[in-house]
Amino acid sequence: LVASVADVASGMALDPASVDVAVLDVHLGREESFPLADRLRAAGVAVVFASGSTRESLPPRFAGCGLLEKPYTADTLRHALELARSAATV
């Protein structure tokens, strides 16, 4: 499943069982994506945050999540997804 959501509520409507890895922009509209990340992680989904900020800007509970720094390229996205999937299968 490849899906794009514009807000947290739309993301919450997705079935986590259909998601292997989620790339979440830290900011979805006027909201932060952290509640969605919590839900996905609780379901065993690997989460990668996309952000123009540093890792230190993420809450400590997401220390194990990937961080894709903006601007990113197709290669850095691919690498982040590979790392997230391999970490999720360990």
Side-chain angles (χ1 to χ4, degrees):
L1 168 70
V2 174
S4 177
V5 299
D7 55 44
V8 172
S10 298
M12 293 290 206
L14 295 174
D15 177 8
S18 67
V19 180
D20 293 322
V21 178
V23 177
L24 301 176
D25 197 309
V26 170
H27 298 284
L28 292 175
R30 295 176 185 226
E31 305 171 277
E32 291 181 327
S33 63
F34 302 140
L36 177 55
D38 287 328
R39 179 172 186 260
L40 292 169
R41 291 182 69 219
V45 176
V47 171
V48 176
F49 288 102
S51 177
S53 299
T54 64
R55 176 164 296 284
E56 290 75 28
S57 67
L58 296 176
R61 68 185 184 274
F62 299 121
C65 293
L67 177 65
L68 188 57
E69 293 183 23
K70 293 179 183 179
Y72 54 87
T73 65
D75 287 337
T76 57
L77 174 60
R78 185 179 307 108
H79 182 68
L81 292 172
E82 289 170 356
L83 287 175
R85 291 192 74 202
S86 66
T89 58
V90 172

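Taken from CD in E32 to OG in S51, the straight-line distance is 9.5 Å, to the nearest 0.5 Å. In this structure, CG on L24 lies 11.5 Å from CG on L68, to the nearest 0.5 angstrom. Between atom OG of residue S33 and atom CG of residue D7 there is a gap of 11.5 Å, rounded to the nearest 0.5 Å. The CE atom of M12 sits 8.0 Å away from the CG atom of L40 when rounded to the nearest 0.5 Å. The CD atom of E69 sits 8.0 Å away from atom OG1 of T54, with the distance rounded to the nearest 0.5 Å.
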Exercise for the section: For H79 and L83, run side chain to side chain contact (heavy atoms under 4.5 Å, CB included): C-alpha distance rounded to whole Å, both residues' side-chain angles, the deciding distance at 0.1 Å, then the answer. Expected result: CA-CA 6 Å; H79 182 68; L83 287 175; 3.3 Å; yes
Exercise for the section: Take V8 and F34 through the side chain to side chain contact (heavy atoms under 4.5 Å, CB included) test and state the conclusion after the steps. Expected result: CA-CA 9 Å; V8 172; F34 302 140; over 6 Å; no
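The two residues V45 and P16 make their nearest non-hydrogen contact at CG2-O, 3.6 Å.
When atom types are taken as modelled, the side chain of R41 and the backbone of V47 share no donor-acceptor pair closer than 3.5 angstrom.
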